[in-house]
Amino acid sequence: MRYWLMKSEPETFGIDDLRARPQQTEHWDGVRNYQARNMMRDEMKIGDQIFFYHSNCDEPGIVGIAEVASESYPDFTAFDPDDKHFDPKSNPDKPTWFMVDVKFVRKLARTISLRELKTKSELGELALLRRGNRLSIMPVSAEQWAFILALE
DNA sequence: GCCAACGTTGGC
DNA sequence: GCCAACGTTGGC
């Protein structure tokens, strides 16, 4: 099993939105970055654990845990001209973009903020903290996962 | 709102 | 293939 971190803006789709979905599950649509796509399409497996990260908000940080709930499949929002994430280069016969379903596991007892994570030398290699990293999905090592959870 | 750090696009 | 222009992300 692998570990991941996925960013979302709480004003758009936060951890509480995921919890409120039927089956507490939602497809992770809208990813339009090839690196992030490759991780979802090629590396994520059902049961992988995910840190749910709130970005672009008052206190950016890890707010909960989710898990991968499906194999990857084409992101159908790319096919819809009316969708914000429409991409004319992707079509159902040869989709460009993929996604997985993500299921709510639990909220953390408190937000582990980006500010706090930055103070931990043990997390120097965490992709989230690397300079200029804007990927919305990134891998987390088992060691990093355990260390961060122990902060809770 | 600002701006650094990207990734993408398109002219050449 | 190069690279300038442009758009986006996301912390602050």
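The basis for the numbers below is simple: all heavy atoms, side chains too, and nothing from hydrogens, waters or symmetry mates. In what follows, every chain begins at residue 1, and chains take the letters A, B, ... in the order their sequences are listed.
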Discussion item. Measure CG/A:Asp87 against P/B:dT8 and give the value in whole Å, please.
Written reply: 11 Å

Discussion item. Just to verify, what does A:Gln144 make a side chain to side chain contact (heavy atoms under 4.5 Å, CB included) with, not counting sequence neighbours?
Written reply: A:Leu123, A:Glu125, A:Leu126, A:Val140, A:Ser141

Fill in: Non-neighbouring partners of A:Phe79 that pass ring-ring contact (aromatic ring centres under 6.0 Å, His included), sequence neighbours left out
none

Fill in: Atom pair distance, as rounded to whole Å: NZ in A:Lys84 and C1' in C:dT8
10 Å

Pull out every protein N or O sitting under 3.5 Å from an N or O of nucleotides 5-7 of chain C, one pair per line with the distance.
none

Discussion item. Apply the hydrophobic cluster definition, ILVMFWY joined by side-chain contacts under 4.5 Å directly or through others, and give me every member besides A:Trp97.
Written reply: A:Tyr34

Worksheet item: Among all residues two or more places apart in sequence or in another chain, which pass the ring-ring contact (aromatic ring centres under 6.0 Å, His included) test with A:Phe76?
Response: A:His27

Fill in: Spacing of A:Leu135 atom CG relative to B:dT8 atom P, expressed in whole Å
10 Å

Worksheet item: Do any of residues 114-129 of chain A sit with a heavy atom less than 4.0 Å from DNA chain C, and if so which?
Response: A:Leu114, A:Lys118

Worksheet item: Would you say C:dG10 has OP1 or OP2 under 4.0 Å from some side-chain N or O of A:Lys7?
Response: yes

Item to complete: Not counting sequence neighbours, which residues clear side chain to side chain contact (heavy atoms under 4.5 Å, CB included) with A:Ala146? List them please.
Response: none

Worksheet entry | Nearest-Å distance for atom pair NE2/P, residues A:His85 and C:dT8 | 12 Å

Worksheet item: Name the one of A:Leu135, A:Ile50, A:Ile148, A:Ile62 that satisfies side-chain contact (heavy atoms from CB on, under 4.5 Å) with A:Leu5?
Response: A:Ile62

Worksheet item: What is the distance, rounded to the nearest whole Å, between atom CD of A:Glu59 and atom P of C:dC12?
Response: 11 Å

Item to complete: Round to a whole Å and report the spacing from CZ of A:Arg130 to C1' of B:dA4.
Response: 17 Å

Practice prompt. Would you list the pairs meeting side chain to side chain donor-acceptor pair (under 3.5 Å) in which at least one residue belongs to residues 56-72 of chain A, sequence neighbours left out?
Written response: A:Glu9-A:Asn56

Worksheet entry | side-chain hydrogen bond (donor to acceptor under 3.5 Å, both in side chains) against A:Thr77, all qualifying residues, sequence neighbours excluded | A:Arg32, A:Asp75

Fill in: Whole angstrom value for the distance that separates C1' of B:dG1 from CG of A:Asp58
15 Å

Worksheet item: Taking atom P of B:dG1 as reference, at what distance in whole Å does atom CG of A:Asn56 sit?
Response: 13 Å

Worksheet item: If you measure only the distance, is there a donor-acceptor pair under 3.5 Å linking the side chains of A:Asp101 and A:Trp28?
Response: no

